[in-house]
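Okay, so here's the structure we're looking at.
Because the structure is predicted, anything quoted here is derived from the model rather than measured. Computed from heavy atoms alone, side chains included, the values below leave out hydrogens, waters and symmetry copies. Residue numbers count from 1 along this sequence.
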Amino acid sequence: MKIKNPKTGSYKYFAYPKVRKDQDRLVEDLDKFIDGDIKTALIKGDTGLGKEAAIASQIAKHRNKFDHIIHLIPTDMGKINIEKEIMLIKEKFPVLDLDVLVLHNKESMCELLKEVKRKKEFREKNLSAYDLCGPNECAQRSKCCYYDNMKRIKSSKVIICDYNYVFDPFIRKRTFGDIFDKKKVLLLINEVHELPERIISQFSFRVSSSIFRLAIMELEGSFSKNDRKKFKKEFGSMKSAIDYIKSIENNLISIIRRRYDEFAGTIDNKIEINPDDIFDNLEKASYLVKLGKEISKWKIKNGIGTHSHVKVLGMFLGNVKYVKDMDYYISYLEKNGESKYKIGVACMNPYPLIKEPFNKAEKIILYSGTLYPDRYVRLFMLGKFGEVFVPEPYKAEYMKNRTDFFYSDGRLIKTFRDTSKIKKSAKELSEVIKYVPKPCAIFVVRPLWDKMRSHFQFNNYKVVEELPGEDKRKLLKKIKKADMSVLSPYGSFKQSIDMSFLKTIVILGICDPMLDLVTRKTLEYYKTRFIKDKGIKADWVAYELICRLPAIEKSLQAAGRGIRREKDRLLAIWFDERWIKQSRFITSENKRNFLKLPALI
(Lines give C-alpha, C1' and ligand atoms only; values in the text may rest on other atoms or scores of the structure.)
Protein backbone atom coordinates (compact mmCIF):
# COMPACT_ATOMS: atom_id res chain seq x y z
CA MET A 1 0.00 0.00 0.00
CA LYS A 2 1.49 3.35 -1.09
CA ILE A 3 2.02 6.00 1.59
CA LYS A 4 -0.13 9.08 0.92
CA ASN A 5 2.09 11.72 2.59
CA PRO A 6 5.54 10.12 3.05
CA LYS A 7 7.29 13.37 4.06
CA THR A 8 4.85 14.43 6.76
CA GLY A 9 2.89 13.08 9.70
CA SER A 10 3.43 9.60 11.13
CA TYR A 11 5.46 8.43 8.09
CA LYS A 12 8.05 11.22 8.08
CA TYR A 13 10.89 8.80 8.88
CA PHE A 14 9.42 5.57 7.49
CA ALA A 15 12.21 3.87 5.52
CA TYR A 16 10.12 2.22 2.80
CA PRO A 17 8.03 3.61 -0.11
CA LYS A 18 5.14 1.29 0.72
CA VAL A 19 3.48 0.25 3.97
CA ARG A 20 1.87 -3.13 4.63
CA LYS A 21 -1.74 -3.64 5.55
CA ASP A 22 -2.21 -3.06 9.32
CA GLN A 23 1.39 -1.85 9.54
CA ASP A 24 -0.01 1.56 8.65
CA ARG A 25 -2.37 1.39 11.64
CA LEU A 26 0.55 0.40 13.90
CA VAL A 27 2.66 3.37 12.71
CA GLU A 28 -0.19 5.83 13.29
CA ASP A 29 -1.20 4.33 16.65
CA LEU A 30 2.38 4.47 17.94
CA ASP A 31 2.65 8.09 16.84
CA LYS A 32 -0.56 9.03 18.69
CA PHE A 33 0.43 7.04 21.77
CA ILE A 34 3.84 8.71 22.13
CA ASP A 35 2.21 12.14 21.67
CA GLY A 36 -0.57 11.32 24.15
CA ASP A 37 -0.86 11.19 27.95
CA ILE A 38 -1.13 7.40 28.44
CA LYS A 39 2.08 5.90 29.83
CA THR A 40 1.92 2.22 28.82
CA ALA A 41 1.07 0.48 25.52
CA LEU A 42 0.55 -3.27 25.10
CA ILE A 43 0.81 -4.21 21.43
CA LYS A 44 0.24 -7.53 19.67
CA GLY A 45 1.43 -7.69 16.07
CA ASP A 46 1.85 -10.81 13.92
CA THR A 47 5.20 -12.10 12.73
CA GLY A 48 5.84 -10.56 9.31
CA LEU A 49 3.87 -7.38 10.04
CA GLY A 50 7.01 -5.22 10.04
CA LYS A 51 6.88 -4.18 13.71
CA GLU A 52 10.58 -3.24 13.75
CA ALA A 53 10.21 -0.88 10.75
CA ALA A 54 7.16 0.79 12.33
CA ILE A 55 8.87 1.21 15.72
CA ALA A 56 12.14 2.45 14.20
CA SER A 57 10.23 5.17 12.30
CA GLN A 58 8.69 6.44 15.55
CA ILE A 59 12.01 6.26 17.42
CA ALA A 60 13.40 8.59 14.75
CA LYS A 61 10.39 10.91 14.77
CA HIS A 62 10.11 11.30 18.56
CA ARG A 63 13.84 11.13 19.40
CA ASN A 64 13.95 14.67 20.81
CA LYS A 65 11.16 14.03 23.34
CA PHE A 66 13.37 11.67 25.33
CA ASP A 67 16.91 11.81 26.68
CA HIS A 68 17.33 8.08 26.05
CA ILE A 69 15.39 5.40 24.17
CA ILE A 70 16.17 1.99 25.67
CA HIS A 71 15.06 -0.96 23.56
CA LEU A 72 15.14 -4.35 25.31
CA ILE A 73 15.41 -7.38 23.01
CA PRO A 74 16.21 -10.90 24.30
CA THR A 75 17.73 -12.36 21.10
CA ASP A 76 20.80 -11.39 19.04
CA MET A 77 18.75 -11.67 15.83
CA GLY A 78 16.17 -9.26 17.23
CA LYS A 79 18.91 -6.73 18.10
CA ILE A 80 20.34 -7.02 14.59
CA ASN A 81 16.90 -6.49 13.00
CA ILE A 82 16.03 -3.30 14.89
CA GLU A 83 19.55 -1.88 14.38
CA LYS A 84 19.22 -2.61 10.65
CA GLU A 85 15.90 -0.73 10.47
CA ILE A 86 17.36 2.32 12.25
CA MET A 87 20.43 2.27 9.95
CA LEU A 88 18.11 2.25 6.90
CA ILE A 89 16.42 5.39 8.23
CA LYS A 90 19.81 7.05 8.84
CA GLU A 91 20.88 6.22 5.25
CA LYS A 92 17.67 7.74 3.90
CA PHE A 93 17.98 10.81 6.15
CA PRO A 94 21.75 11.47 6.48
CA VAL A 95 21.25 14.63 8.56
CA LEU A 96 19.34 12.66 11.22
CA ASP A 97 21.17 12.83 14.56
CA LEU A 98 20.49 9.39 16.07
CA ASP A 99 23.36 7.69 17.89
CA VAL A 100 22.66 3.95 18.28
CA LEU A 101 24.49 1.68 20.73
CA VAL A 102 23.99 -2.12 20.77
CA LEU A 103 25.07 -3.90 23.95
CA HIS A 104 25.81 -7.59 23.47
CA ASN A 105 27.14 -9.81 26.24
CA LYS A 106 30.77 -9.55 27.29
CA GLU A 107 31.86 -12.84 25.71
CA SER A 108 30.56 -11.94 22.24
CA MET A 109 32.20 -8.47 22.33
CA CYS A 110 35.69 -9.30 23.65
CA GLU A 111 38.05 -11.08 21.21
CA LEU A 112 40.39 -12.13 24.03
CA LEU A 113 37.58 -13.82 25.92
CA LYS A 114 36.43 -15.58 22.74
CA GLU A 115 39.93 -17.01 22.38
CA VAL A 116 40.13 -18.07 26.04
CA LYS A 117 36.71 -19.72 25.79
CA ARG A 118 38.12 -22.06 23.13
CA LYS A 119 40.88 -23.33 25.40
CA LYS A 120 40.64 -26.90 26.61
CA GLU A 121 40.70 -25.93 30.30
CA PHE A 122 37.65 -23.67 29.95
CA ARG A 123 35.72 -26.27 27.94
CA GLU A 124 36.42 -29.10 30.36
CA LYS A 125 35.68 -27.12 33.52
CA ASN A 126 32.69 -25.31 31.99
CA LEU A 127 34.10 -21.97 33.11
CA SER A 128 32.73 -18.61 32.11
CA ALA A 129 34.89 -16.02 30.41
CA TYR A 130 33.80 -13.67 33.21
CA ASP A 131 35.99 -15.78 35.52
CA LEU A 132 39.00 -14.47 33.64
CA CYS A 133 37.91 -10.92 32.87
CA GLY A 134 36.59 -10.05 36.35
CA PRO A 135 39.45 -10.86 38.70
CA ASN A 136 42.29 -10.38 36.21
CA GLU A 137 41.49 -6.79 35.19
CA CYS A 138 42.44 -7.51 31.57
CA ALA A 139 45.48 -5.59 30.33
CA GLN A 140 43.60 -4.72 27.12
CA ARG A 141 40.69 -3.14 28.98
CA SER A 142 41.48 0.33 27.58
CA LYS A 143 40.98 -1.08 24.04
CA CYS A 144 38.05 -3.40 24.89
CA CYS A 145 34.87 -2.63 22.92
CA TYR A 146 32.75 -3.93 25.82
CA TYR A 147 34.08 -1.30 28.23
CA ASP A 148 34.17 1.28 25.45
CA ASN A 149 30.43 0.71 24.94
CA MET A 150 29.86 1.10 28.68
CA LYS A 151 31.46 4.57 28.45
CA ARG A 152 29.23 5.51 25.50
CA ILE A 153 25.92 4.78 27.23
CA LYS A 154 25.26 8.25 28.67
CA SER A 155 25.95 9.94 25.33
CA SER A 156 23.86 7.52 23.22
CA LYS A 157 20.29 8.32 22.26
CA VAL A 158 19.18 4.75 21.40
CA ILE A 159 20.48 1.82 23.48
CA ILE A 160 19.61 -1.72 22.37
CA CYS A 161 20.28 -4.42 24.96
CA ASP A 162 19.00 -7.52 26.78
CA TYR A 163 16.42 -7.53 29.59
CA ASN A 164 18.96 -7.99 32.39
CA TYR A 165 20.58 -4.60 31.76
CA VAL A 166 17.39 -2.94 33.04
CA PHE A 167 15.63 -5.44 35.30
CA ASP A 168 18.60 -6.64 37.36
CA PRO A 169 18.93 -3.78 39.91
CA PHE A 170 22.69 -4.25 40.31
CA ILE A 171 23.43 -4.40 36.57
CA ARG A 172 21.07 -1.46 35.95
CA LYS A 173 22.92 0.69 38.47
CA ARG A 174 26.33 -0.29 37.10
CA THR A 175 25.28 0.18 33.45
CA PHE A 176 22.94 3.19 33.46
CA GLY A 177 23.85 4.94 36.71
CA ASP A 178 21.20 7.57 37.45
CA ILE A 179 19.72 7.70 33.91
CA PHE A 180 16.35 6.32 35.05
CA ASP A 181 16.25 8.76 37.99
CA LYS A 182 17.18 11.99 36.23
CA LYS A 183 16.44 11.51 32.52
CA LYS A 184 13.36 11.03 30.34
CA VAL A 185 13.41 7.42 29.12
CA LEU A 186 11.28 5.68 26.49
CA LEU A 187 11.37 1.98 27.37
CA LEU A 188 10.53 -0.48 24.56
CA ILE A 189 10.35 -4.21 25.31
CA ASN A 190 10.27 -6.74 22.47
CA GLU A 191 9.12 -10.39 22.84
CA VAL A 192 7.40 -9.36 26.06
CA HIS A 193 5.80 -12.81 26.32
CA GLU A 194 9.31 -13.99 27.33
CA LEU A 195 9.77 -11.39 30.06
CA PRO A 196 7.94 -13.04 33.01
CA GLU A 197 9.74 -16.37 32.63
CA ARG A 198 13.09 -14.68 31.97
CA ILE A 199 12.84 -12.56 35.11
CA ILE A 200 11.67 -15.47 37.24
CA SER A 201 14.49 -17.64 35.92
CA GLN A 202 17.11 -14.90 36.33
CA PHE A 203 16.14 -14.26 39.95
CA SER A 204 15.89 -17.90 40.97
CA PHE A 205 19.10 -19.40 42.34
CA ARG A 206 20.36 -22.87 43.19
CA VAL A 207 23.60 -24.71 43.94
CA SER A 208 24.62 -28.34 44.27
CA SER A 209 25.22 -29.67 47.78
CA SER A 210 28.75 -30.57 46.66
CA ILE A 211 29.63 -26.86 46.57
CA PHE A 212 30.23 -26.90 50.35
CA ARG A 213 32.83 -29.69 50.19
CA LEU A 214 34.50 -28.14 47.11
CA ALA A 215 34.67 -24.71 48.79
CA ILE A 216 36.26 -26.21 51.92
CA MET A 217 38.85 -28.09 49.82
CA GLU A 218 39.59 -24.88 47.93
CA LEU A 219 40.13 -22.90 51.14
CA GLU A 220 42.37 -25.61 52.57
CA GLY A 221 44.43 -25.97 49.38
CA SER A 222 44.87 -22.38 48.18
CA PHE A 223 47.90 -20.14 48.79
CA SER A 224 51.47 -20.82 49.78
CA LYS A 225 52.65 -20.28 53.39
CA ASN A 226 53.94 -16.79 52.58
CA ASP A 227 50.72 -15.93 50.73
CA ARG A 228 48.70 -17.19 53.70
CA LYS A 229 50.59 -14.93 56.12
CA LYS A 230 50.04 -11.94 53.86
CA PHE A 231 46.41 -12.92 53.31
CA LYS A 232 45.80 -13.32 57.07
CA LYS A 233 46.96 -9.75 57.73
CA GLU A 234 44.56 -8.34 55.14
CA PHE A 235 41.53 -10.64 55.44
CA GLY A 236 41.87 -12.71 58.62
CA SER A 237 42.09 -16.44 59.20
CA MET A 238 40.55 -18.88 56.72
CA LYS A 239 39.60 -21.19 59.59
CA SER A 240 36.55 -19.09 60.46
CA ALA A 241 35.33 -19.34 56.83
CA ILE A 242 35.88 -23.11 56.79
CA ASP A 243 34.00 -23.54 60.11
CA TYR A 244 31.13 -21.40 58.78
CA ILE A 245 30.77 -23.50 55.60
CA LYS A 246 30.96 -26.73 57.63
CA SER A 247 28.15 -25.55 59.92
CA ILE A 248 25.86 -24.95 56.89
CA GLU A 249 26.81 -28.34 55.44
CA ASN A 250 25.99 -30.04 58.76
CA ASN A 251 22.59 -28.30 58.87
CA LEU A 252 21.89 -29.56 55.35
CA ILE A 253 22.86 -33.15 56.22
CA SER A 254 20.61 -33.01 59.29
CA ILE A 255 17.57 -31.90 57.24
CA ILE A 256 18.20 -34.57 54.57
CA ARG A 257 18.29 -37.31 57.22
CA ARG A 258 15.21 -36.02 59.00
CA ARG A 259 13.07 -35.51 55.88
CA TYR A 260 14.47 -38.14 53.52
CA ASP A 261 11.19 -40.10 53.28
CA GLU A 262 9.32 -37.02 51.98
CA PHE A 263 11.13 -37.17 48.62
CA ALA A 264 9.38 -40.46 47.77
CA GLY A 265 5.96 -38.75 47.58
CA THR A 266 6.98 -36.05 45.08
CA ILE A 267 6.91 -35.98 41.27
CA ASP A 268 9.96 -33.74 40.97
CA ASN A 269 12.07 -34.82 43.98
CA LYS A 270 11.66 -31.42 45.62
CA ILE A 271 10.55 -30.54 49.15
CA GLU A 272 9.97 -27.07 50.58
CA ILE A 273 12.35 -25.95 53.31
CA ASN A 274 12.75 -23.03 55.67
CA PRO A 275 16.04 -21.30 54.76
CA ASP A 276 16.62 -20.39 58.42
CA ASP A 277 16.99 -24.12 59.19
CA ILE A 278 20.10 -24.32 56.97
CA PHE A 279 21.69 -20.91 56.59
CA ASP A 280 23.25 -19.36 59.70
CA ASN A 281 24.61 -15.83 59.86
CA LEU A 282 24.19 -14.84 56.20
CA GLU A 283 26.10 -11.63 56.89
CA LYS A 284 29.24 -13.66 56.17
CA ALA A 285 28.22 -14.15 52.51
CA SER A 286 30.02 -10.98 51.36
CA TYR A 287 33.15 -12.15 53.19
CA LEU A 288 33.11 -15.41 51.19
CA VAL A 289 32.78 -13.45 47.94
CA LYS A 290 35.89 -11.40 48.83
CA LEU A 291 37.74 -14.59 49.69
CA GLY A 292 36.68 -16.14 46.38
CA LYS A 293 37.97 -13.16 44.39
CA GLU A 294 41.35 -13.42 46.08
CA ILE A 295 41.48 -17.16 45.40
CA SER A 296 40.69 -16.48 41.70
CA LYS A 297 43.58 -14.00 41.49
CA TRP A 298 45.92 -16.48 43.17
CA LYS A 299 44.88 -19.24 40.73
CA ILE A 300 45.50 -17.00 37.73
CA LYS A 301 48.90 -15.96 39.11
CA ASN A 302 49.88 -19.63 39.48
CA GLY A 303 48.35 -20.75 36.18
CA ILE A 304 45.84 -23.19 37.70
CA GLY A 305 42.55 -21.76 36.48
CA THR A 306 40.32 -18.91 37.54
CA HIS A 307 37.10 -20.41 38.90
CA SER A 308 36.40 -20.14 42.65
CA HIS A 309 33.84 -22.37 44.39
CA VAL A 310 34.09 -20.10 47.44
CA LYS A 311 33.00 -17.11 45.37
CA VAL A 312 30.07 -19.06 43.84
CA LEU A 313 28.92 -20.15 47.30
CA GLY A 314 29.27 -16.61 48.67
CA MET A 315 27.18 -15.17 45.82
CA PHE A 316 24.48 -17.81 46.34
CA LEU A 317 24.32 -17.11 50.10
CA GLY A 318 24.17 -13.38 49.35
CA ASN A 319 21.17 -13.97 47.08
CA VAL A 320 19.48 -16.10 49.76
CA LYS A 321 20.02 -13.32 52.29
CA TYR A 322 18.48 -10.80 49.89
CA VAL A 323 15.28 -12.78 49.10
CA LYS A 324 14.59 -15.24 51.93
CA ASP A 325 12.00 -13.07 53.71
CA MET A 326 10.11 -12.06 50.55
CA ASP A 327 6.68 -13.69 50.24
CA TYR A 328 7.08 -14.29 46.50
CA TYR A 329 10.05 -16.64 46.98
CA ILE A 330 10.07 -20.32 47.88
CA SER A 331 13.08 -22.26 49.22
CA TYR A 332 13.45 -25.93 48.33
CA LEU A 333 15.72 -28.95 48.52
CA GLU A 334 15.96 -31.16 45.42
CA LYS A 335 17.16 -34.78 45.39
CA ASN A 336 19.35 -35.30 42.34
CA GLY A 337 20.36 -38.96 42.25
CA GLU A 338 21.09 -41.35 45.09
CA SER A 339 23.20 -39.05 47.24
CA LYS A 340 23.26 -35.71 45.40
CA TYR A 341 21.13 -32.71 46.33
CA LYS A 342 20.52 -29.17 45.19
CA ILE A 343 19.39 -26.21 47.29
CA GLY A 344 17.40 -23.48 45.60
CA VAL A 345 15.30 -20.35 46.03
CA ALA A 346 12.70 -19.77 43.29
CA CYS A 347 10.98 -16.51 42.37
CA MET A 348 7.19 -16.69 41.77
CA ASN A 349 6.24 -13.09 40.88
CA PRO A 350 8.01 -10.84 38.33
CA TYR A 351 6.18 -7.63 39.32
CA PRO A 352 8.42 -6.52 42.24
CA LEU A 353 11.44 -6.81 39.94
CA ILE A 354 10.00 -4.75 37.06
CA LYS A 355 8.15 -2.06 39.00
CA GLU A 356 11.13 0.28 39.59
CA PRO A 357 12.15 0.78 35.93
CA PHE A 358 8.45 0.83 34.92
CA ASN A 359 7.76 3.55 37.49
CA LYS A 360 10.72 5.68 36.41
CA ALA A 361 10.32 5.39 32.62
CA GLU A 362 8.49 8.23 30.89
CA LYS A 363 6.74 5.90 28.40
CA ILE A 364 6.61 2.10 28.07
CA ILE A 365 5.84 0.09 24.90
CA LEU A 366 5.45 -3.68 25.36
CA TYR A 367 5.08 -5.67 22.15
CA SER A 368 5.18 -9.22 20.76
CA GLY A 369 3.73 -11.45 18.06
CA THR A 370 2.03 -13.67 20.66
CA LEU A 371 0.58 -11.53 23.38
CA TYR A 372 -2.58 -11.90 25.46
CA PRO A 373 -3.06 -8.51 27.11
CA ASP A 374 -5.03 -9.67 30.16
CA ARG A 375 -2.14 -11.92 31.23
CA TYR A 376 0.37 -9.06 31.29
CA VAL A 377 -2.01 -6.52 32.80
CA ARG A 378 -2.43 -8.94 35.72
CA LEU A 379 1.17 -10.21 35.96
CA PHE A 380 2.82 -6.81 35.67
CA MET A 381 -0.03 -4.99 37.49
CA LEU A 382 0.08 -2.41 34.69
CA GLY A 383 -2.87 -0.52 36.13
CA LYS A 384 -0.53 0.78 38.83
CA PHE A 385 1.35 2.70 36.13
CA GLY A 386 -1.81 4.44 34.90
CA GLU A 387 -4.13 3.77 31.98
CA VAL A 388 -2.95 1.11 29.48
CA PHE A 389 -3.33 1.52 25.71
CA VAL A 390 -4.35 -1.89 24.25
CA PRO A 391 -5.23 -1.59 20.54
CA GLU A 392 -6.81 -4.31 18.41
CA PRO A 393 -4.18 -6.89 17.35
CA TYR A 394 -2.31 -6.01 14.15
CA LYS A 395 -2.58 -8.78 11.56
CA ALA A 396 0.10 -9.64 9.01
CA GLU A 397 -1.68 -10.10 5.69
CA TYR A 398 0.25 -13.17 4.58
CA MET A 399 -0.36 -15.13 7.81
CA LYS A 400 -3.37 -16.40 5.83
CA ASN A 401 -0.80 -18.45 3.89
CA ARG A 402 -0.66 -20.80 6.88
CA THR A 403 -3.29 -23.55 6.73
CA ASP A 404 -4.25 -24.94 10.14
CA PHE A 405 -5.61 -28.44 10.78
CA PHE A 406 -6.83 -29.68 14.17
CA TYR A 407 -6.36 -33.33 15.05
CA SER A 408 -9.36 -34.25 17.21
CA ASP A 409 -9.09 -37.97 17.99
CA GLY A 410 -7.41 -37.89 21.37
CA ARG A 411 -5.95 -35.97 24.28
CA LEU A 412 -2.24 -36.71 24.34
CA ILE A 413 -1.74 -35.82 27.99
CA LYS A 414 -3.69 -38.94 28.95
CA THR A 415 -1.28 -41.18 27.06
CA PHE A 416 1.72 -40.63 29.33
CA ARG A 417 1.09 -43.74 31.46
CA ASP A 418 -1.02 -45.71 28.99
CA THR A 419 1.18 -47.76 26.61
CA SER A 420 -1.70 -48.67 24.29
CA LYS A 421 -2.61 -45.00 23.81
CA ILE A 422 1.04 -44.06 23.29
CA LYS A 423 1.27 -46.66 20.51
CA LYS A 424 -1.99 -45.45 18.95
CA SER A 425 -0.93 -41.78 18.98
CA ALA A 426 2.55 -42.62 17.63
CA LYS A 427 1.04 -44.71 14.81
CA GLU A 428 -1.40 -41.96 13.84
CA LEU A 429 1.35 -39.33 13.97
CA SER A 430 3.50 -41.56 11.73
CA GLU A 431 0.61 -41.75 9.26
CA VAL A 432 0.21 -37.98 9.24
CA ILE A 433 3.95 -37.37 8.71
CA LYS A 434 3.94 -39.86 5.78
CA TYR A 435 1.61 -37.64 3.74
CA VAL A 436 2.51 -34.06 4.71
CA PRO A 437 4.92 -31.92 2.63
CA LYS A 438 8.58 -32.13 3.65
CA PRO A 439 10.68 -30.84 5.31
CA CYS A 440 8.59 -30.83 8.45
CA ALA A 441 9.23 -30.05 12.12
CA ILE A 442 7.52 -31.52 15.17
CA PHE A 443 7.47 -29.27 18.25
CA VAL A 444 6.99 -31.44 21.34
CA VAL A 445 8.03 -31.47 24.99
CA ARG A 446 10.83 -33.95 25.62
CA PRO A 447 9.06 -36.31 28.09
CA LEU A 448 6.19 -36.94 25.64
CA TRP A 449 8.51 -37.57 22.69
CA ASP A 450 10.66 -39.94 24.78
CA LYS A 451 7.53 -42.04 25.35
CA MET A 452 6.45 -42.00 21.69
CA ARG A 453 9.78 -42.36 19.86
CA SER A 454 10.07 -46.16 20.07
CA HIS A 455 6.57 -46.55 18.55
CA PHE A 456 7.00 -43.96 15.80
CA GLN A 457 7.54 -45.24 12.25
CA PHE A 458 10.46 -43.26 10.81
CA ASN A 459 10.14 -44.73 7.27
CA ASN A 460 13.78 -44.02 6.36
CA TYR A 461 13.35 -40.30 6.95
CA LYS A 462 16.46 -38.26 7.60
CA VAL A 463 15.65 -37.13 11.17
CA VAL A 464 17.29 -34.49 13.40
CA GLU A 465 16.45 -34.19 17.10
CA GLU A 466 17.27 -31.11 19.17
CA LEU A 467 19.40 -31.87 22.23
CA PRO A 468 19.82 -29.58 25.26
CA GLY A 469 22.76 -27.20 24.86
CA GLU A 470 23.38 -28.00 21.19
CA ASP A 471 24.87 -25.20 19.08
CA LYS A 472 21.97 -23.41 17.39
CA ARG A 473 23.72 -22.51 14.12
CA LYS A 474 25.07 -26.03 13.54
CA LEU A 475 21.69 -27.54 14.37
CA LEU A 476 19.90 -25.20 11.95
CA LYS A 477 22.16 -26.41 9.10
CA LYS A 478 21.26 -30.02 9.92
CA ILE A 479 17.53 -29.20 10.05
CA LYS A 480 17.67 -27.66 6.56
CA LYS A 481 18.99 -30.96 5.17
CA ALA A 482 16.59 -33.23 7.12
CA ASP A 483 13.16 -34.59 6.15
CA MET A 484 11.90 -34.31 9.71
CA SER A 485 13.15 -32.51 12.81
CA VAL A 486 11.99 -32.89 16.41
CA LEU A 487 12.32 -29.63 18.34
CA SER A 488 11.37 -28.32 21.76
CA PRO A 489 8.85 -25.46 22.09
CA TYR A 490 11.06 -24.31 24.99
CA GLY A 491 14.29 -24.62 22.97
CA SER A 492 16.41 -22.49 20.63
CA PHE A 493 13.97 -22.35 17.71
CA LYS A 494 10.80 -21.09 19.34
CA GLN A 495 11.30 -17.43 18.31
CA SER A 496 13.25 -14.95 16.16
CA ILE A 497 14.51 -17.71 13.83
CA ASP A 498 13.69 -17.82 10.12
CA MET A 499 12.64 -21.39 9.28
CA SER A 500 10.64 -20.53 6.17
CA PHE A 501 12.16 -23.55 4.39
CA LEU A 502 9.75 -25.73 6.41
CA LYS A 503 6.60 -26.91 4.61
CA THR A 504 4.86 -28.44 7.65
CA ILE A 505 4.92 -27.79 11.39
CA VAL A 506 3.25 -30.17 13.84
CA ILE A 507 2.48 -28.95 17.36
CA LEU A 508 2.34 -32.20 19.33
CA GLY A 509 0.28 -31.66 22.48
CA ILE A 510 -0.10 -28.54 24.62
CA CYS A 511 3.13 -28.04 26.51
CA ASP A 512 1.71 -27.18 29.93
CA PRO A 513 4.45 -27.06 32.55
CA MET A 514 4.78 -29.97 34.97
CA LEU A 515 2.96 -29.32 38.24
CA ASP A 516 6.11 -29.51 40.31
CA LEU A 517 6.61 -27.93 43.73
CA VAL A 518 7.49 -24.46 42.42
CA THR A 519 4.56 -24.39 39.95
CA ARG A 520 2.08 -25.54 42.62
CA LYS A 521 3.32 -22.91 45.07
CA THR A 522 3.14 -20.26 42.35
CA LEU A 523 -0.48 -21.22 41.62
CA GLU A 524 -1.30 -20.95 45.34
CA TYR A 525 0.42 -17.56 45.51
CA TYR A 526 -1.63 -16.13 42.64
CA LYS A 527 -4.83 -17.75 43.87
CA THR A 528 -4.55 -15.79 47.14
CA ARG A 529 -4.04 -12.61 45.10
CA PHE A 530 -7.10 -13.19 42.89
CA ILE A 531 -9.41 -14.59 45.56
CA LYS A 532 -10.24 -11.02 46.58
CA ASP A 533 -11.50 -10.14 43.07
CA LYS A 534 -15.27 -10.62 42.89
CA GLY A 535 -16.79 -12.40 39.92
CA ILE A 536 -13.76 -14.49 38.94
CA LYS A 537 -12.71 -18.05 39.70
CA ALA A 538 -9.33 -17.62 41.36
CA ASP A 539 -8.19 -21.21 40.65
CA TRP A 540 -9.01 -20.96 36.94
CA VAL A 541 -7.46 -17.49 36.48
CA ALA A 542 -4.26 -18.54 38.25
CA TYR A 543 -3.92 -21.67 36.08
CA GLU A 544 -4.57 -19.73 32.86
CA LEU A 545 -2.05 -17.08 33.89
CA ILE A 546 0.78 -19.36 35.00
CA CYS A 547 0.33 -22.56 32.97
CA ARG A 548 -2.04 -22.50 30.01
CA LEU A 549 -1.41 -19.12 28.33
CA PRO A 550 2.41 -19.42 28.45
CA ALA A 551 2.10 -22.90 26.90
CA ILE A 552 -0.15 -21.55 24.11
CA GLU A 553 2.22 -18.63 23.49
CA LYS A 554 5.21 -20.94 23.09
CA SER A 555 3.30 -23.17 20.65
CA LEU A 556 2.13 -20.20 18.59
CA GLN A 557 5.68 -18.87 18.46
CA ALA A 558 6.82 -22.27 17.19
CA ALA A 559 4.06 -22.38 14.54
CA GLY A 560 5.13 -18.94 13.30
CA ARG A 561 8.64 -20.07 12.33
CA GLY A 562 7.55 -21.21 8.87
CA ILE A 563 5.85 -18.00 7.69
CA ARG A 564 8.27 -15.08 7.35
CA ARG A 565 7.56 -13.69 3.87
CA GLU A 566 4.66 -13.16 1.53
CA LYS A 567 5.69 -16.09 -0.72
CA ASP A 568 5.88 -18.60 2.17
CA ARG A 569 3.29 -21.36 2.50
CA LEU A 570 2.90 -23.58 5.56
CA LEU A 571 0.74 -26.45 6.80
CA ALA A 572 0.30 -26.37 10.60
CA ILE A 573 -1.16 -29.41 12.39
CA TRP A 574 -2.34 -29.00 16.00
CA PHE A 575 -2.10 -32.59 17.21
CA ASP A 576 -4.21 -32.67 20.38
CA GLU A 577 -7.98 -32.35 20.83
CA ARG A 578 -7.48 -29.63 23.46
CA TRP A 579 -6.33 -27.27 20.70
CA ILE A 580 -9.92 -27.18 19.43
CA LYS A 581 -10.99 -25.41 22.64
CA GLN A 582 -8.05 -23.01 22.22
CA SER A 583 -8.64 -22.47 18.50
CA ARG A 584 -9.66 -18.84 19.06
CA PHE A 585 -5.95 -18.12 19.56
CA ILE A 586 -5.11 -19.75 16.21
CA THR A 587 -7.85 -19.06 13.65
CA SER A 588 -11.42 -17.85 13.38
CA GLU A 589 -14.13 -20.42 14.17
CA ASN A 590 -15.52 -20.55 10.63
CA LYS A 591 -12.05 -21.46 9.24
CA ARG A 592 -11.33 -24.47 11.45
CA ASN A 593 -10.21 -27.55 9.54
CA PHE A 594 -10.41 -30.93 11.25
CA LEU A 595 -7.89 -33.65 10.52
CA LYS A 596 -9.35 -37.16 10.54
CA LEU A 597 -7.45 -40.30 9.69
CA PRO A 598 -7.10 -41.85 7.16
CA ALA A 599 -8.49 -38.94 5.09
CA LEU A 600 -5.65 -36.45 5.48
CA ILE A 601 -5.21 -33.62 3.04
Could you pull out the closest heavy-atom pair between [X] and [Y], with the gap in Å?
X	Y	answer
I433	K438	O-NZ, 2.5 Å
R578	R548	NH1-NH2, 4.0 Å
Y322	M326	O-CE, 3.2 Å
K324	P275	CB-CG, 3.9 Å
V166	P357	CG1-CB, 3.6 Å
V388	G383	CG2-N, 4.5 Å

Is the backbone N or O of [Y] less than 3.5 Å from a side-chain atom of [X], with the two atoms forming a donor-acceptor pair by type?
X	Y	answer
D22	K395	yes
E466	S488	yes
E191	L72	no
N359	K355	yes
K521	D516	no
T522	M348	no
S204	C347	yes

[X]/[Y] ion pair, N-O < 4.0 Å:
X	Y	value
K173	E356	no
R402	D404	yes
R375	E553	yes
K335	E262	no
E28	K32	no
E431	K434	yes

For residues [X] and [Y], determine if any side-chain heavy atom of one lies less than 4.5 Å from a side-chain heavy atom of the other.
X	Y	value
V436	K503	no
R453	V486	no
I505	M499	no
F176	V185	no
N190	I82	no

Next item on the list: May I ask you to decide if the ring planes of F380 and Y376 are parallel, tilted or perpendicular, using 30° and 60° as cut-offs?
Entry: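 Plane angle between 30° and 60°, so tilted.
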Next item on the list: Name the orientation class of the two ring planes belonging to F385 and F358 (parallel below 30°, tilted from 30 to 60°, perpendicular beyond 60°).
Entry: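 Ring orientation of F385 relative to F358: perpendicular.
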Item checked: Single hit among I69, L30, D31 for side chain to side chain contact (heavy atoms under 4.5 Å, CB included) with H62 ->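 Exactly one option meets the side chain to side chain contact (heavy atoms under 4.5 Å, CB included) with H62, and it is D31.
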Next item on the list: Starting from the C-alpha separation in whole Å, work towards a yes-or-no answer on side chain to side chain donor-acceptor pair (under 3.5 Å) for Q582 and W574.
Entry: CA-CA 10 Å; Q582 309 298 338; W574 305 83; over 6 Å; no
Next item on the list: May I ask you to check whether F263 and Y341 place their ring centres under 6.0 Å from each other?
Entry: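 So the answer is yes for these two rings.
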